[in-house]
Amino acid sequence: MTRLLSIFLVPALPLFAGAQPTFHADVEPLLQKHCQQCHRPGESAPMSLLSYDEVRPWARAIQEAVALDRMPPWFADPRYGEWSNAHVLAPTEKQMILDWVESGAARGDPAKRLEPRAFVDGWNIGKPDLVLEMPEAFRVPEEGTIDYQYVVIPTGLAEDKWVTAAEVRPDNREVVHHVIAYMRPKDSVWLEDAVPGKIFVPDARKKKDREEERNEYRELLAGFAPGMQPFEWSDGNYAKMLPVGADIVLQMHYTASGEEAFDQTRVGFRFLDKPPAKRVVTMSASNGKFVIPPGADRHPVEAKWVLNRDVELVSVLPHMHLRGKDFRYDLRYPDGRSEVLLSVPKYDFEWQYVYYLRDPKVLPAGTAIDCLAHFDNSPNNPDNPDPSVEVRWGDQSWEEMMIGFFDIAVDAGADLGPYLTQAKRDSARVE
Ligand code: HEC
């Protein structure tokens with residue numbers, strides 16, 4: 001592969017014939033901007049890229065990953081939508097990195113070295129105003145399937161808070177597959193048997209007929225999953241509400257690593273000093289009724305949500321498991337127009353990205369958010385846990401999900417009720 005790449009990089013040579021690019025002058029700023037949030041100790045990437053000495057041995061690997069657009073990782077089809085958190089190198093930035101490696105990956109003048117990019121004590125969101133930790137560590141057994149574990153943590157807050165950023169920090173990444181931090185409102189019936197602070201597994205038999213529980217509103221505040229970034233609205237205009245009396249519920253998905261392990265995950269929040277203009281609410285279009293036949297290589301599954309009120313759409317997050325192949329969101333407006341919002345042509349379970357719209361979109365009541373996913377249950381899917389079985393909805397990674405999460409923003413003081421139900425008639429659908 002390296003050989004091939006060198007051949008196709010030859011035309012770039014004259015570009016650096018004049019001044020040879022160097023690490024400190026040309027490449028370090030790009031790594032700070034595009035790579036170090038993940039490539040530093042304690043983060044998701046396997047190696048740190050903070051200094052020349054750390055980067056130099058990886059020069060060829062960097063060249064390959066950048067040339068093939070594997071790094072930085074980003075999955076949205078560039079033809080649709082603009083995303084404020086897009087991880088993409090501008091063509092000149094990409095060329096600069098390639099030229100630098102090709103010309104010998106020189107260090108350059110250390111006097112030109114940049115100030116290191118500042119990171120706060122492991123938190124990507126800056127210093128949190130509130131940190132909640134699992135009161136006791138969970139013991140992850142050596143092997144076997146582990147049911148989702150839940151921990152209810154009271155916030156102890158005396159007033160409503162507006163969450164402008166939230167981040168889950170697993171303590172042991174080896175065994176934490178994913179975490180979701182929910183806001184559970186006061187007097188909720190969800191997990192009512194759980195003792196605060198104690199790790200809890202709900203009784204699966206009870207779950208089925210809990211209409212009341214299913215219809216309750218709770219909010220997704222932060223998540224940790226492979227590739228997922230912290231949730232953040234930086235301009236002070238958008239925030240999620242953490243009402244007084246609410247608890248945080250951590251849903252923990254652990255996977256055994258072959259050795260006994262312990263984990264005591266934390267979640268951190270940053271609050272606004274004053275209410276924002278808009279309250280952000282996470283919603284979803286999902287389909288729990290699919291059956292993916294054995295061997296099917298492109299099995300379609302649809303899900304839809306029809307808005308009941310005018311809203312602003314701020315972000316989306318497609319979610320499937322290992323057989324997820326592609327995922328698309330279409331907007332169908334009440335006047336018959338439609339557009340592709342997001343297309344992820346090569347879905348990768350390892351990268352659970354939230355796509356933040358660069359410019360939030362105002363969607364009129366009656367707009368349908370249409371999601372279309374395809375699943376690859378064939379033996380050609382290298383991630384497929386078992387192509388010989390029929391696959392349905394389930395929590396575990398060898399089962400599937402199909403959820404098109406979307407975040408809407410509504411007036412901060414609005415009554416959420418009407419937003420949480422769908423419009424009766426799908427006036428948007430043009431059959
Ligand atoms: C959002 C997090 C993230 C960002 C941003 C990121 N990386 Fe990575 N990188 C990873 C993870 C996780 C892996 C290991 C898993 C994988 O290869 O997918 C990785 C692997 C790599 C590898 C190993 C070989 C390979 O291709 O898998 C190289 C080289 C690399 N990254 C370079 C870079 C460079 C250079 C940048 C910036 C231009 C960058 N990465 C940006 C998370 C990131």
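Remember, it's 1-based here, ligands and their atoms both numbered in the order they're listed. Everything numeric in this text was worked out from a predicted model, so none of it was measured.
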Asks: Using a plain distance cutoff, I'd like to know if H39 has any nitrogen or oxygen under 3.5 Å from a nitrogen or oxygen of ligand 1.
Replies: yes
Asks: Could you find the nearest protein heavy atom to atom 3 (C) of ligand 1 and give me its residue, atom name and distance?
Replies: C38 SG, 2.7 Å
Asks: Y182 ring centre to R184 NZ or CZ under 6.0 Å, with the angle to the axis within 45°?
Replies: no
Asks: To which protein heavy atom is atom 38 (C) of ligand 1 closest, and what is the distance rounded to 0.1 Å?
Replies: C35 SG, 2.6 Å
Asks: Any salt bridge linking K33 with E93? Criterion: basic side-chain nitrogen under 4.0 Å from a carboxylate oxygen.
Replies: yes
Asks: In the protein, what heavy atom is nearest to atom 16 (C) of ligand 1, and what distance, to one decimal place, separates them?
Replies: M71 CE, 4.1 Å
Asks: May I ask you to identify, for Y353, whether its side chain, its backbone, both or neither come under 4.0 Å of ligand 1 on a heavy-atom basis?
Replies: side chain
Asks: Taking both backbone and side-chain atoms of R70, is any N or O found less than 3.5 Å from an N or O belonging to ligand 1?
Replies: yes
Asks: Is it true that M47 lies under 4.0 Å from ligand 1, counting heavy atoms only?
Replies: yes
Asks: Are any of the side-chain nitrogens in E43 or R169 under 4.0 Å away from the carboxylate oxygens of its partner?
Replies: yes
Asks: Taking the side chain as C-beta and beyond, is there a heavy-atom pair between V267 and F224 under 4.5 Å?
Replies: no
Asks: Salt bridge between D376 and R323, side-chain N to carboxylate O under 4.0 Å?
Replies: no
Asks: At a non-hydrogen distance cut-off of under 4.0 Å, which region of Q229 contacts ligand 1 (side chain, backbone, both, or neither)?
Replies: neither
